[in-house]
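Scroll down for the structure; my scribbles are underneath it.
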Amino acid sequence: MSENLLSLLNDSQKSAAEHIDGSLLILAGAGSGKTKTITTRLAYLISIGIDPASILTLTFTNKAASEMRERAFSMIDQASINTPPLLCTFHKFGLLFLKFHMSELGRKGNFIIIDTDDKKRIIKSIDKEITTSLLVSEISKYKNTLMSPAEAIAGAELKLYQQIALVYQKYQEYLLKNNLVDFDDLLLLPYEILKKNEKLAQQVSQKYQYIMVDEYQDTNELQYRLLRLLCATHNNLCVVGDDDQSIYGWRGATIKNILNFSEHFEGTKVVKLEENYRSTDTILNHANQLIEHNRDRLGKKLVGTRAKGDSIKVYESHDENEETRKIIDDIKALLDSGISAKDVAILFRVNALSRSLEEGFNKAGLNYKLVGGMKFYERAEIKDLIAFFRILTNSNDNFSLKRVINKPKRGIGKTTIDKLEAKSIQTQKPIFDLIQEFSADELAAIVGKKNSRTLKVFEASIMDLKDILTESKMKFLDAFEDTFDYRASYDNVPDGFERQGNIDEFYGYIRDYFMQNPHLELKDFLNEIALESENGEYNNEAISMMSIHASKGLEFKNLFIIGLEEGFFPLTGDGADIEEERRLGYVAITRAMDNLTLSFVHSRFYKGKRAILQKSRFLSESGLIKGSLTIEKQSNFKKGDLVQHKIFGMGRVQKATKAGKDYKLTINFGGTKRDILSSFVEKS
DNA sequence: GTACGTCGCACGTTA
DNA sequence: TGCGACGTAC
């Protein structure tokens, strides 16, 4: 069986897959069969008798984890193994670890994971002077470089940074007090525990004898340190990555990890995978040209294995509406020719660019799915429900309680919540206990008579629901709705219909979960969804739209990349890193298998105004602007065309003369003739 | 003290 | 366009 497995690999892939002991660095170019290689290695290790439970594979995204799981498991004889190998995201691994070992830090295991939105709220409530986004990213940086609040305060020289470090300290205190854990903590806390408890570190390292890491170029300092501890007793670490695809610098990823891997881990074997099986030669050629403009790289050139293929198209449009029209026309033609929607995707650097596409697709009646973007569990109505359910499983959860104490509106405002919170700090008791233990009169002395009554009713409802939940998991959702009318609170409000749809879907999901897992409880469900971020739709009949970041690791036969304008792609502005932008360009182009179309516009509506834009330098750097390309001509105007003007409305062109890039048009607007430049009208 | 309406401004990528 | 800040009416 093991020989069979390896026979599907080329020589380099094979030498990587059959490497067993010691550190291994696989430098894998885009489309070089990276996933195939490490999933085969996983299956190979099992096939030669290594205990599956001793193999740990870490990825960055759930998508990558599930794809690998699927591919690896299809190669493994399932019946022959007891425990499947652990294959999950870094964060999921951290979560699993913390569930067992949180007590090492003197904290309870019923902690709650907060998301980015929660984090922002907490930080904003601590400090309103400094921009929240700066605070969020600086705090994240501290954590990812293992700096404690005390160290951050001591090390801060600038006044601004002293203040930021203080916010960091208060934020940490808040998390601790409410037993909250942010995304960074899912890695940081396990590290702290392992660092503190050497014996435990040895045990864990012994447990996972073989560790593999996907997308190693995107690891940060903290992940590196954690990995060191995990493989301290064996050095069996196999990482796969591509320095040219490092696109998470802003999240603390340091390309140094992959560049210095051989120095970090003694006796490293290096395997390079440079043969690309994905894209046509034309696509690879332009991708290579682009990335060659970067200086900071190990240096590697993708070699094609496919035919030359069609040339890359570049669309030039006046604005986003024209861009959308062209793309939709192309996509319709593709679909008409029998191509499946799942083989078509549109990428953009900035999520906001999806709006005009979505409008266009809706009008044209084309199915699309927006990958990434607003996640299902990030929707306010879903987060509310999760908060409610968390209180049912743990009424000490002040954080969740505050979120829903006034939902649906019951007259409990900010002032009342502040008073309750102050009392909670003073008495060292959770808010819920205060409401429960204080008599109505005592409570009224703090928040007034009316609020006291409201809070008592709320408390009683929660207690009732708790009882119902213990009695019957299947009944409690109906009881919850009977009590709070949460779903009905979205009747006749804007977006209400859509939100109710989400609520129904969520309820359905919970019921299904209990049906599938009769022995599990609500708290298990809540734990499980904490790190899920997929937006749930798996519609093969839909065209995908996503950010380039979200497209990492994916491939599409027919690909469109829009927004190739300076300022959008590359994104400039402060903190921008042109080399990382270029790597993003490289990632984007190398997602394409057969057909690639790039598009830029002269103007875009963004941040409330229309901006005039220059075409992206990446077009010339990749050799697309001069040479073998087909530049799509700007729309022609001729006599008889119907056009639309923002002020004058619809009119018919009577005369059109070329004037530079534009046309000078004489247009008849309902009897009034006007001379207008073509850039001010749209064809209709 | 809370709810609700209006205005003005922002939209960089993610576990 | 969607959200938060702010002011005002109850």
Side-chain angles (χ1 to χ4, degrees), chain A residues 58-65 88-95 113-117 119-121 124 128 131-134 136-137 140 143-144 181-188 214-215 218-220 222-223 246-253 347-356 358-359 371-375 377-378 380 405-406 408-419 447-451 454 493-495 530-534 546-553 563 567-577 580-581 583-585 587-588 604-609 611:
Chain A
L58 296 171
T59 66
F60 277 84
T61 63
N62 289 312
K63 207 185 267 161
C88 61
T89 64
F90 267 100
H91 292 85
K92 178 83 183 236
F93 177 75
L95 172 64
I113 300 169
I114 57 167
D115 66 16
T116 319
D117 181 64
K119 183 177 178 181
K120 274 191 207 146
R121 266 178 230 237
K124 199 161 197 173
K128 288 188 186 67
T131 343
T132 311
S133 62
L134 179 69
V136 166
S137 68
S140 194
K143 291 195 177 189
N144 285 318
V181 162
D182 67 18
F183 284 135
D184 297 323
D185 288 340
L186 288 173
L187 304 173
L188 179 59
D214 187 27
E215 311 277 13
D218 286 328
T219 50
N220 59 31
L222 174 54
Q223 284 159 328
S246 167
I247 56 174
Y248 283 101
W250 51 274
R251 204 170 83 180
L347 305 184
F348 30 77
R349 173 67 180 85
V350 177
N351 274 319
L353 298 199
S354 72
R355 191 178 294 164
S356 58
E358 289 188 73
E359 275 171 26
V371 180
M374 178 58 114
K375 315 278 187 334
Y377 293 110
E378 283 169 8
I405 200 162
N406 196 33
K409 290 198 174 69
R410 54 177 69 83
I412 305 296
K414 192 177 176 303
T415 322
T416 305
I417 295 176
D418 286 347
K419 283 176 183 164
V447 298
K449 212 168 182 175
K450 191 167 148 230
N451 285 337
T454 313
V493 297
D495 296 338
L531 285 182
E532 273 190 40
S533 61
E534 309 296 310
M546 69 192 88
S547 72
I548 296 166
H549 283 89
S551 76
K552 188 146 173 229
F568 278 101
F569 195 16
L571 200 61
T572 41
D574 60 283
D577 172 350
E580 181 151 318
E581 293 299 312
R583 289 193 291 270
L584 267 166
V587 168
R604 229 177 248 292
F605 196 73
Y606 186 65
K607 287 191 188 175
K609 48 177 186 277

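Residue numbering restarts at 1 for every chain, and letters A, B, ... go by the order of the sequence lines.
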Pair A:Leu187-A:Phe93, side-chain contact (heavy atoms from CB on, under 4.5 Å): steps then yes or no: CA-CA 8 Å; A:Leu187 304 173; A:Phe93 177 75; over 6 Å; no
A:Val350/A:Ser547 under side-chain contact (heavy atoms from CB on, under 4.5 Å): CA gap, chis, key distance, verdict: CA-CA 6 Å; A:Val350 177; A:Ser547 72; over 6 Å; no
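- At the heavy-atom level, A:Phe60 lies under 4.0 Å from the strands shown only through sugar-phosphate atoms.
- The separation between A:Leu187 atom CG and B:dT14 atom C1' is 13 Å, rounded to whole Å.
- Rounded to the nearest 0.5 angstrom, A:Asp218 CG and A:Gln223 CD are separated by 9.0 Å.
- If you take CG on A:Leu353 and CD on A:Glu358, they are separated by 11.5 Å, rounding to the nearest 0.5 Å.
- Relative to the six-membered ring of A:Tyr606, A:Arg604 misses at least one condition, a distance below 6.0 Å or an angle of at most 45° to the axis.
- A:Lys414 comes within 4.0 angstrom of sugar-phosphate atoms only, judged by non-hydrogen atoms across all strands, and of no base.
- Going from atom CG of A:Asp117 over to atom P of B:dA15 covers 15 Å, rounded to whole Å.
- Among the duplex regions that DNA chain C forms, those built from at least three successive Watson-Crick or G-U pairs under 3.5 Å are B:1-9 with C:2-10, ordered by first number.
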Test side-chain contact (heavy atoms from CB on, under 4.5 Å) applied to A:Thr132 and A:Arg121, step by step: CA-CA 9 Å; A:Thr132 311; A:Arg121 266 178 230 237; over 6 Å; no
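- Looking at heavy atoms from C-beta onward, A:Tyr248 lies out of side-chain contact with A:Thr219 at the 4.5 angstrom threshold.
- In this structure, B:dG12 forms no base pair with any nucleotide, since neither Watson-Crick nor G-U wobble geometry is met with both distances under 3.5 Å.
- Taking CD1 of A:Ile247 as the start and CG of A:Leu584 as the end, the distance is 5.0 Å to the nearest 0.5 Å.
- At whole-Å resolution of the value, CD in A:Gln223 and P in B:dT14 are 16 Å apart.
- Put simply, NE2 on A:His549 is 9 Å from P on B:dT13, counting in whole angstrom units.
- Within the 4.0 angstrom heavy-atom criterion, no nucleotide atom of any strand lies near A:Lys552.
- Judged by distance alone, the side chain of A:Asn406 and the main-chain N or O of A:Gly413 form no donor-acceptor pair under 3.5 Å.
- Distance, A:Ile114 CD1 to B:dT14 P: 19 Å, rounded to whole Å.
- Atom OG of A:Ser140 and atom CZ of A:Phe183 lie 11.0 Å apart (nearest 0.5 Å).
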At a cut-off of 3.5 Å, list every protein nitrogen or oxygen paired with a nitrogen or oxygen from nucleotides 6-12 of chain B, distance to 0.1 Å.
from, atom 1, to, atom 2, distance (Å)
B:dC11, O3', A:Tyr606, OH, 3.4
B:dC11, N4, A:Arg355, NH1, 3.4
B:dG12, OP2, A:Tyr606, OH, 3.0
B:dG12, O6, A:Asp574, O, 3.4

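- The 5' end of DNA chain B is approached more closely, in terms of each residue's nearest nucleotide, by A:Lys419 than by the other of A:Ala550 and A:Lys419.
- Applying the 6.0 Å contact sphere to NZ of A:Lys419 captures more than 12 heavy atoms from other residues, nucleotides or ligands.
- If you check B:dT2, B:dA15, B:dT14 against the side chain of A:Thr416, the one that comes closest is B:dT2.
- B:dT14 atom P lies 21 Å from atom CG of A:Leu222, rounded to whole Å.
- If you walk DNA chain C from 5' to 3' and mark each nucleotide with an atom closer than 4.0 Å to a heavy atom of chain A, the marks span C:dT1 to C:dA5.
- Rounded to an integer number of Å, the gap from CG of A:Leu186 to P of B:dT14 is 18 Å.
- When the P atom of B:dT14 is taken as reference, atom OH of A:Tyr248 falls 6 Å away, rounded to whole Å.
- The 5' end of DNA chain B is approached more closely, in terms of each residue's nearest nucleotide, by A:Asn406 than by the other of A:Ser547 and A:Asn406.
- Taking a cutoff of 4.0 Å between a charged side-chain nitrogen and a carboxylate oxygen, A:Arg583 and A:Glu580 qualify as a salt bridge.
- A:Phe90 comes within contact range of no nucleotide atom at all, as no heavy-atom separation falls under 4.0 Å.
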